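Notes follow the structure.
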Amino acid sequence: MAEVGERALLRHLRSRIPLGPGVVVGVGDDAAAVETGPLTLVTTDVLVEGVHFARDWAPARLLGRKALSVNLSDIAAMAGVPRFAVVSLLLPADVPLSLVDGFYDGLLERAAEVGVTVVGGNVSATSGPLSIDVTLLGQGDRLLRREGAKPGDLVVVTGTLGAAAAGLRFLLGGTRMGAEGEVADRGEWSGATADALLACLRAQLDPGPPLAFARALAEHDLVHAAMDISDGLSGDLLTMCQESDVSASIDSAALPVDPGASQLEKEGGTDGFSLALHGGEDYQLLLAVPPASLDGLRDVAVVWDLPLTVVGEFAPGPPGLSLKFGDARRRLRPESHEHFKDPAGERRPEKTPEA
């Protein structure tokens, strides 16, 4: 970056970013001008080197994809449609142009997949870590929110849980993914087959929120509340309880532990239960569903080939969680990631479930 300079970098990026539908003024002016619907959704998320990622974890293309996907997950949780993004980069002087280009390769690739147009942003030099800040605008009509869960509603999650946390654990142990999606460095991994490992690495490095299913929820009155699972099921469920003034219980036997995470963790002497319960970064959906709507919700999920699992039930407050082991029930203490309380960059859950 020290050799390229700010103006040349901006001209280079502008030449790469297409003008999409609904964009009146795109990259290059003091502000973008875009056309949105009657309700505009706005979300932002930042990825900071040393806290959220390391440069050598994977190709920069995957970092670009993830930078947009974590924002897409927020729009999905509110049953919205993502439309426009602005991207701010804080770049140390030693960052090569190839890394920035690789990042934009992934960002623009992911944007094209979901119909998002990049309409602007900012670049700045920094003496601190590489930081990527994406703000995403979306539109919606019938929105879902974190508040709204009612006593008697079912706690439902999409997909499986724990793969991203397993992937992070191996990245922190030195495992690396190569440019062709292969295992470039085994690190602490000593397993016999790479399939489960690669699936978990991809879940961490290139998450795929269930966007189409989430948007379909706006067309059906099936869900009372929703949010994405980004910091871990236990912490995010407690947040929903607090927003809705209810309590909730989780059935330990029902937790949809990702098969790859379970296999990898068994090789390490434990199972994937804690990763699924506390690990985070799965970017699946957490839903409060009235029992009478469950079959209808499953019908919608089948269209998108998306697994749905009932993992518990909401009950009258005060807000709090419990974990069921057969007929026994114990208070559940969330161990999900929380900035400022957890050491920077340390997102690994405990290996054994904590109730």
Side-chain angles (χ1 to χ4, degrees), residues 52-54 56-63 65-66 69-70 73 106 110 157-211 213 228-234 236 250-286 301 304-309 311 335-337 345-354:
H52 300 95
F53 69 94
D56 68 342
W57 277 6
R61 170 180 157 271
L62 296 185
L63 182 59
R65 290 180 60 87
K66 183 171 183 177
S69 290
V70 297
S73 185
R110 188 71 174 112
V157 298
T158 63
T160 59
L161 305 178
L168 176 62
R169 177 168 292 183
F170 282 93
L171 287 169
L172 291 170
T175 304
R176 297 291 181 263
M177 179 183 284
E180 302 301 322
E182 79 284 7
V183 177
D185 190 328
R186 295 172 65 93
E188 294 181 353
W189 178 65
S190 59
T193 174
D195 290 348
L197 176 67
L198 287 171
C200 290
L201 291 176
R202 291 190 191 99
Q204 167 61 221
L205 298 169
D206 188 14
L211 304 179
F213 169 77
D228 71 337
I229 303 174
S230 55
D231 291 325
L233 175 62
S234 61
D236 290 332
I250 296 176
D251 184 349
S252 62
L255 205 62
V257 179
D258 182 85
S262 182
Q263 178 181 330
L264 290 175
E265 292 306 309
K266 284 178 180 176
E267 291 175 0
T270 182
D271 61 33
F273 182 88
S274 291
L275 299 179
L277 186 61
H278 303 300
E281 295 194 280
D282 292 297
Y283 297 104
Q284 292 294 329
L285 292 178
L286 169 62
W304 306 106
D305 194 26
L306 182 67
L308 284 183
T309 306
V311 299
E335 295 182 6
S336 300
H337 178 75
E346 181 60 72
R347 298 180 63 97
R348 285 182 288 185
E350 296 297 324
K351 289 190 175 182
T352 54
E354 179 69 29

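Position 1 is the first residue of the sequence, and the numbers go up from there. No experiment lies behind these values; they were computed from the predicted model shown.
Of all heavy-atom pairs between Gly181 and Leu198, the closest is O-CD2, 3.3 Å. The two residues Cys200 and Leu264 come nearest to each other via the heavy atoms SG-CD1, 3.7 Å. The two atoms that bring Gly280 and Ala164 nearest to each other are O-CB, 3.8 Å, heavy atoms only. Arg110 and Ser69 make their closest contact through NE-OG, 2.8 Å (heavy atoms, listed as atom of the first residue, atom of the second, distance). Of all heavy-atom pairs between Leu171 and Trp57, the closest is CD1-CE3, 3.7 Å. Residue Thr309 comes nearest to Ala254 through the heavy atom pair CG2-O, 3.2 Å, listed as atom of the first residue, atom of the second, then distance.
Separation of atoms CD (Gln284) and OG (Ser230) is listed at 12.0 Å; rounding is to 0.5 Å. How far OH of Tyr283 is from CG of Leu161: 13.5 Å, rounded to the nearest 0.5 Å. Between the CG atom of Leu205 and the NZ atom of Lys66 there is a distance of 6.5 Å, given to the nearest 0.5 Å. Atom CG of Asp258 is separated from atom CG of Leu275 by 9.5 Å, given to the nearest 0.5 angstrom. Atom-to-atom distance recorded for Leu197:CG and Arg202:CZ is 9.5 Å, nearest 0.5 angstrom. One finds the CG atom of Leu306 at 5.0 Å from the OG1 atom of Thr158 (value rounded to the nearest 0.5 Å).
Counting only distance, with no hydrogens or angles, the side chain of Ser73 and the backbone of Asp228 share no donor-acceptor pair below 3.5 Å. No side-chain donor-acceptor contact under 3.5 Å links Asp231 to the backbone of Asp236. In terms of modelled atom types and a separation under 3.5 Å, the side chain of Gln204 and the main chain of Gly167 share no donor-acceptor contact.
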Handout entry: Derivation and outcome, side chain to side chain contact (heavy atoms under 4.5 Å, CB included), residues Val183 and Met177
Key = CA-CA 5 Å; Val183 177; Met177 179 183 284; over 6 Å; no
Exercise for the section: Verify side chain to side chain contact (heavy atoms under 4.5 Å, CB included) between Phe273 and Leu255, making sure each step is shown before the conclusion. Expected result: CA-CA 8 Å; Phe273 182 88; Leu255 205 62; 3.8 Å; yes
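Between Arg186 and Thr175, the side chains place no donor N or O within less than 3.5 Å of an acceptor N or O (distance only, hydrogens not considered).
A salt bridge does not link Arg176 to Glu182: none of the charged side-chain nitrogens sits closer than 4.0 Å to a carboxylate oxygen.
Atom CG of Asp305 has 12 or fewer neighbouring heavy atoms from other residues, nucleotides or ligands inside a 6.0 Å radius.
The side-chain contact (heavy atoms from CB on, under 4.5 Å) test with Pro256 singles out one residue from Val311, Leu233, Leu308, and that residue is Val311.
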